[in-house]
Q: 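This structure is in structure tokens; I'll ask about it shortly.
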Amino acid sequence: MRTSGGKKKLIAAVCSQWLPCPASDCRVNQTNYHSFLIHTTGDAMGEIITRFPPSPTGYLHVGGARTALFNWLYARKTGGTFILRIEDTDLERSTEASVQAIFDGLEWLGIDWDQGPFYQTQRFDLYKEVIAKLLEEGHAYWCTCTPEEIEEMRETARANGEKPKYNGKCRERHLGPTEGAVVRFKVPLAGATAFEDMVKGRISIPNAELDDFIIQRSDGSPTYNLAVAVDDLTMKVNTILRGDDHVNNTPKQILILQAMGETVPTYGHVPMVLGSDKARLSKRHGATSVTEYRDMGILPDAMINYLARLGWSCGDQEFFTREDLIEKFNPDHIGRSPGVFDQEKLLAINHDHIQQKPAEEITEALLPYLEKAGIQVADRDQLVKAVKTLAPRSHTLVEMAENARFYFEGIKEYDPKMAKKAFKPAAVDALLAMKEALAAVDEFTESHLEAPFHAVMEKLEVGFGKVAQPLRLAVSGTGASPGMYEMLEVLGKEETLKRIDDAVAHIRALG
RNA sequence: GUCCCCAUCGUCUAGCCUGGUCCAGGACACCGGCCUUUCACGCCGGCGACAGGGGUUCAAAUCCCCUUGGGGACGCCA
């Protein structure tokens with residue numbers, strides 16, 4: 001990893017800062033935040049407290065899922081606490097359906113939370129309190145500039161080759177609250193706000209780059225940066241792993257925290273997930289919602305394995321079980337450069353997980369996909385056996401369900417290409433001979449099914465292919481099937497014989 | 001435009017902090033072979049990268065600078 005000097009040391013230093021943190025408790029109590037404090041066990045002992053704070057404006061996308069995963073993994077690995085917080089201060093765009101979609105996504109991935117879900121809309125009193133205090137102490141001020149005026153300021157700045165910003169017009173006007181006024185945070189004019197990022201190292205942003213951003217809208221609601229800072233503080237979050245796109249928000253949050261006289265958490269900014277064209281991953285690149293991958297037949301464990309390895313590494317290891325991930329996750333090995341989401345590799349990892357997991361587990365996971373495919377399975381044991389034969393040749397559960405179909409439904413159509421080759425008139429003799437030989441087998445299991453083939457081959461003086469290919473097509477309807485003996489065992493004697501009859505009739509009908 | 005961040009095979013990455021063991025390792029994909037009753041699995045092999053340029057050094061993928069390229073942010077969104 002491209003680690004800037006002394007990163008590990010710094011993380012340790014920042015962590016120890018949280019070991020004896022009674023000070024923050026005192027201050028919090030003084031300002032009456034106590035009613036909002038989240039009670040976590042042992043946070044005074046330096047426990048890692050992480051959080052995932054989605055805004056409910058859509059489904060859970062893969063980038064968000066990865067951030068959630070990293071925070072969850074870190075909390076689980078260290079025996080810390082993982083908090084779920086719904087950032088719904090945007091009353092316009094937040095929806096109940098999105099909240100549910102996010103829950104669904106997290107549940108599917110097996111990411112559970114210890115605290116929450118907390119909703120920011122239920123904490124407006126707290127934010128108001130903080131804003132009042134900030135106002136009182138001169139860290140914030142009322143602003144009556146209209147959106148049009150502000151747009152003008154931005155234009156002016158742009159024309160001067162500067163970053164478009166609010167120009168601080170109301171900063172020293174000492175206005176009081178009036179209808180339609182907003183509250184702005186007073187950002188220091190000089191200096192810079194810097195922090196030690198867990199993944200990127202030291203990041204420093206000149207305060208002059210920031211403008212006096214709004215912390216309370218004209219309708220009285222708090223804005224994102226204010227709410228986040230207050231929440232992270234009162235929830236005692238001490239480790240924040242989040243997307244790269246938040247780097248520019250970090251100084252704002254730090255400034256608010258410092259104005260409140262509080263210590264700041266440790267931040268770690270994870271690079272974005274990109275599409276194949278290296279642009280930020282979006283819908284035009286394909287599926288971006290984690291539940292779409294569920295629908296495609298990806299195993300949740302494979303998904304988190306893939307997501308974890310996209311931007312994080314543990315030497316050369318590629319395959320991780322869930323337990324492995326928890327045991328080995330280490331934020332020190334989060335990479336600094338953005339990564340391209342590669343569905344091919346996800347499929348490959350999924351394939352590995354399908355092969356590694358016990359057939360019983362895969363069978364259980366397969367059930368909903370069979371149902372969706374309209375495939376009825378009466379015998380669960382038979383299904384488990386079928387799964388064993390299908391696992392090495394399935395990349396997704398959807399594919400596996402489809403490949404399983406021939407076991408449980410009769411053959412509707414023989415693959416025309418194969419039929420042309422294997423269903424020649426001569427095949428009838430082979431099929432009939434096989435029927436006779438198989439009918440004589442008492443124990444219809446894989447190990448007892450080889451002998452009848454050899455008997456027939458000798459009798460008819462033909463090679464294996466001449467016997468096996470017509471039979472394969474007869475019982476599976478296709479030229480690509482699981483191994484012959486295992487397949488016949490799953491099918492069972494009765495069904496096998498019936499399908500041979502059907503095939504013979506089919507060939508004879510062809511004339 | 002301004003600021004911030006990033007830069008190893010097509011892709012995910014190891015190595016970089018603590019320079020030499022790296023004419024750069026693994027995985028996906030691709031190509032070839034083996035195995036084989038099909039399709040797969042598996043195994044073996046191949047292709048393929050330190051963005052460019054300057055330094056520093058006996059020695060640089062590793063440290064420094066510049067250039068180029070990419071990404072992000074610049075909202076009464078989060």
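The sequence lines fix the lettering, A, B, ..., with proteins before strands; numbering per chain opens at 1.
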Q: Given the C1' atoms of B:C66 and B:A73, what is the spacing between them in whole Å?
A: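 Taking atom C1' in both B:C66 and B:A73, they lie 25 Å apart.
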
Q: For B:C17, give its Watson-Crick or G-U wobble partner with both distances under 3.5 Å, or none.
A: none

Q: Checking understanding here: a glycosidic angle within 90° of 0 is syn, the rest anti, so what is B:C41?
A: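 This nucleotide is in syn.
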
Q: Rounding to a whole Å, what distance do you find between A:R242:CZ and B:A73:C1'?
A: 13 Å

Q: Which residue pairs pass the ring-ring contact (aromatic ring centres under 6.0 Å, His included) test with at least one member in residues 146-167 of chain A, sequence neighbours excluded?
A: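 Qualifying pairs, neighbours excluded: none.
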
Q: What is the base-pairing partner of B:A24, counting Watson-Crick and G-U wobble geometry with both distances under 3.5 Å?
A: none

Q: Could you work out the separation of B:C28 and B:C43 based on their P atoms and round it to a whole Å?
A: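 These two P atoms come out 9 Å apart once rounded.
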
Q: Are the side chains of A:M303 and A:V62 in touch, meaning some heavy atoms are under 4.5 Å apart?
A: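 Yes, their side chains come closer than 4.5 Å.
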
Q: Between A:K345 and A:E318, is there a salt bridge with N-O shorter than 4.0 Å?
A: yes

Q: Which of the following nucleotides, B:A78, B:C6, B:C3, is nearest to the side chain of A:E87?
A: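 Closest of the options to the side chain of A:E87: B:A78.
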
Q: For the CG atom of A:L257 and the OG1 atom of A:T250, what is their distance to the nearest 0.5 Å?
A: 11.0 Å

Q: Given B:G1, B:A78, B:C41, identify the nucleotide with an atom nearest to the side chain of A:N225.
A: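 The listed nucleotide nearest to A:N225's side chain is B:A78.
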
Q: For residues 54-61 of chain A, which residues have at least one heavy atom under 4.0 Å from RNA chain B?
A: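 Listed by number, they are A:S55.
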
Q: Which part of the nucleic acid, if any, lies within reach of A:S221 when heavy atoms closer than 4.0 Å are counted: base, sugar-phosphate only, or nothing?
A: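 Contact class for A:S221: none.
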
Q: Can you check whether any acceptor in the base of B:A73 is under 3.5 Å from a donor in the side chain of A:D244, or vice versa?
A: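 Under the 3.5 Å cut-off, the side chain and the base do not form any donor-acceptor pair.
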
Q: Determine, for A:K169 against A:E152, whether the closest basic-nitrogen to carboxylate-oxygen distance falls under 4.0 angstrom.
A: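 The answer is no: the pair does not qualify as a salt bridge.
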
Q: Please work out if A:H269 contacts a base, only the sugar-phosphate, or nothing of the nucleic acid, heavy-atom cut-off 4.0 Å.
A: nothing

Q: Paired with B:U68: which nucleotide, if any, by Watson-Crick or G-U wobble criteria at under 3.5 Å for both distances?
A: B:A7

Q: My understanding is that a pair needs two contacts under 3.5 Å, Watson-Crick or G-U wobble. By that rule, which nucleotide pairs with B:A29?
A: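 Here B:A29 is not engaged in any pair, so there is no nucleotide opposite it.
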
Q: The criterion is side chain to side chain contact (heavy atoms under 4.5 Å, CB included); which residues satisfy it with A:V441, sequence neighbours excluded?
A: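 With neighbours one apart ignored, the set is A:F444, A:H448, A:L449, A:P452.
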
Q: With sequence neighbours excluded, give me every side-chain hydrogen bond (donor to acceptor under 3.5 Å, both in side chains) pair touching residues 53-70 of chain A.
A: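 For residues 53-70 of chain A: A:Y59-A:T288.
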
Q: Among A:T321, A:N305, A:D301, find the residue that satisfies the side-chain hydrogen bond (donor to acceptor under 3.5 Å, both in side chains) test when tested with A:H353.
A: A:N305

Q: Answer with base, sugar-phosphate or nothing: what part of the nucleic acid does A:S218 contact at a heavy-atom distance below 4.0 Å?
A: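 Counting heavy atoms under 4.0 Å across all strands, the contact made by A:S218 includes a base.
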
Q: State, to 0.1 Å, how close A:L310 and A:F70 come at their nearest heavy-atom pair, and which atoms those are.
A: O-CZ, 4.3 Å

Q: Between the protein and nucleotides 65-67 of chain B, which nitrogen or oxygen pairs come in under 3.5 angstrom?
A:
none

Q: What distance, rounded to whole Å, do you find between the two C1' atoms, one in B:A49 and one in B:U11?
A: 12 Å

Q: So if I apply the ring-ring contact (aromatic ring centres under 6.0 Å, His included) rule between A:H246 and each of A:Y224, A:F195, A:Y267, which one comes out positive?
A: A:Y224

Q: Taking the P atom in each of B:A60 and B:C50, what is the distance between them to the nearest angstrom?
A: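 It comes out at 16 Å once rounded to the nearest Å.
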
Q: State which residues pass side chain to side chain donor-acceptor pair (under 3.5 Å) with A:K435; sequence neighbours excluded, sorted by chain then number.
A: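 Scan of A:K435 (side chain to side chain donor-acceptor pair (under 3.5 Å), adjacent residues dropped) gives A:D501.
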
Q: Can A:D232 and A:R85 be counted as an ion pair, charged N to O under 4.0 angstrom?
A: yes

Q: Taking atom C1' in both B:C4 and B:U13, what distance in whole Å separates the two?
A: 25 Å

Q: Taking 4.0 angstrom as the limit, do A:E489 and A:K385 come out as a salt bridge?
A: yes

Q: Closest nucleotide of RNA chain B for A:I214 versus for A:I203: which of these residues is on the 5' side?
A: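 Upstream on the strand: A:I203.
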
Q: May I ask you to list the residues of residues 181-191 of chain A, by number, that have any heavy atom positioned under 4.0 Å from an atom of RNA chain B?
A: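 RNA chain B contact set from residues 181-191 of chain A: A:V182.
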
Q: Say we look at B:C76 and B:G71: how far apart would their C1' atoms be, to the nearest angstrom?
A: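 Per the computed distance, 28 Å lies between those C1' atoms.
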
Q: Are the aromatic rings of A:F329 and A:W312 close, with centres under 6.0 Å apart?
A: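 That pair passes the under 6.0 Å test.
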
Q: Do the charged groups of A:R280 and A:D245 touch, with an N to O distance under 4.0 Å?
A: yes

Q: How many whole angstroms separate atom NZ of A:K163 from atom C1' of B:U2?
A: 6 Å

Q: Using the side-chain heavy atoms of A:P164, tell me which of these nucleotides is nearest: B:G1, B:C4, B:C76.
A: B:G1

Q: One character per nucleotide, please: for nucleotides 20-38 of chain B, 5' to 3', B when the base has a protein heavy atom closer than 4.0 Å, S when only the sugar-phosphate does, - otherwise.
A: -----BBBSS-------BB

Q: Pull out every residue in residues 273-287 of chain A that has a heavy atom closer than 4.0 Å to any atom of RNA chain B, ordered by number, or say none.
A: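 Close to the strand are A:K278, A:R280.
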
Q: Between A:L310 and A:P206, which residue's closest nucleotide on RNA chain B lies nearer the 5′ terminus?
A: A:P206

Q: Extract all donor-acceptor atom pairs below 3.5 Å that involve side chains of residues 412-421 of chain A and protein atoms in other chains or at least two apart in sequence.
A:
| unit_1 | atom_1 | unit_2 | atom_2 | d |
| --- | --- | --- | --- | --- |
| A:K412 | NZ | A:E409 | OE1 | 2.9 |
| A:D415 | OD2 | A:M418 | N | 3.3 |

Q: Using only side-chain N and O atoms of A:R154, determine if any of them is under 4.0 Å from OP1 or OP2 of B:G75.
A: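 Affirmative; the distance criterion is met.
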
Q: Is a side-chain donor-acceptor pair under 3.5 Å present for A:T89 with A:Y127?
A: no

Q: When the P atoms of B:C63 and B:G20 are compared, how many Å lie between them, rounded to an integer?
A: 11 Å

Q: For A:T193 and A:N207, which I'm curious about, is there any donor-acceptor pair between the side chains at under 3.5 Å?
A: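 A donor-acceptor contact under 3.5 Å links the two side chains.
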
Q: For the pair A:E461 and A:K466, find out whether any cationic side-chain nitrogen is under 4.0 Å from an anionic carboxylate oxygen.
A: no

Q: Is A:N249 touching bases, backbone alone, or none of the nucleic acid, heavy atoms closer than 4.0 Å?
A: base

Q: Quick one: look up who B:C50 pairs with, Watson-Crick or G-U, both distances under 3.5 Å, and put none if it's unpaired.
A: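 No nucleotide pairs with B:C50.
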
Q: If pairing requires Watson-Crick or G-U wobble contacts with both distances under 3.5 Å, which nucleotide is the partner of B:U2?
A: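 B:U2 is paired, partner B:A73.
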
Q: Got a sec, which residues hit side chain to side chain donor-acceptor pair (under 3.5 Å) with A:E495, two or more places apart in sequence or on another chain?
A: A:R499

Q: Heavy-atom contacts under 4.0 Å between residues 91-103 of chain A and RNA chain B, which residues?
A: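 Within residues 91-103 of chain A, the residues near RNA chain B are A:R93.
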
Q: With heavy-atom distances below 4.5 Å as the criterion, would you say the side chains of A:V183 and A:L226 are in contact?
A: no

Q: Pick base, sugar-phosphate or nothing for A:S204, based on heavy-atom distances below 4.0 Å to the nucleic acid.
A: sugar-phosphate

Q: Quick one: do A:D244 and A:K200 make a salt bridge, cutoff under 4.0 Å?
A: yes

Q: State whether A:R158 places a side-chain N or O below 4.0 Å from either non-bridging phosphate oxygen (OP1 or OP2) of B:G1.
A: no

Q: Taking only the side-chain heavy atoms of A:S337 (C-beta and beyond), determine which of B:A7, B:C76, B:C3 contains the nearest atom.
A: B:A7

Q: Given the P atoms of B:G55 and B:U18, what is the spacing between them in whole Å?
A: 24 Å

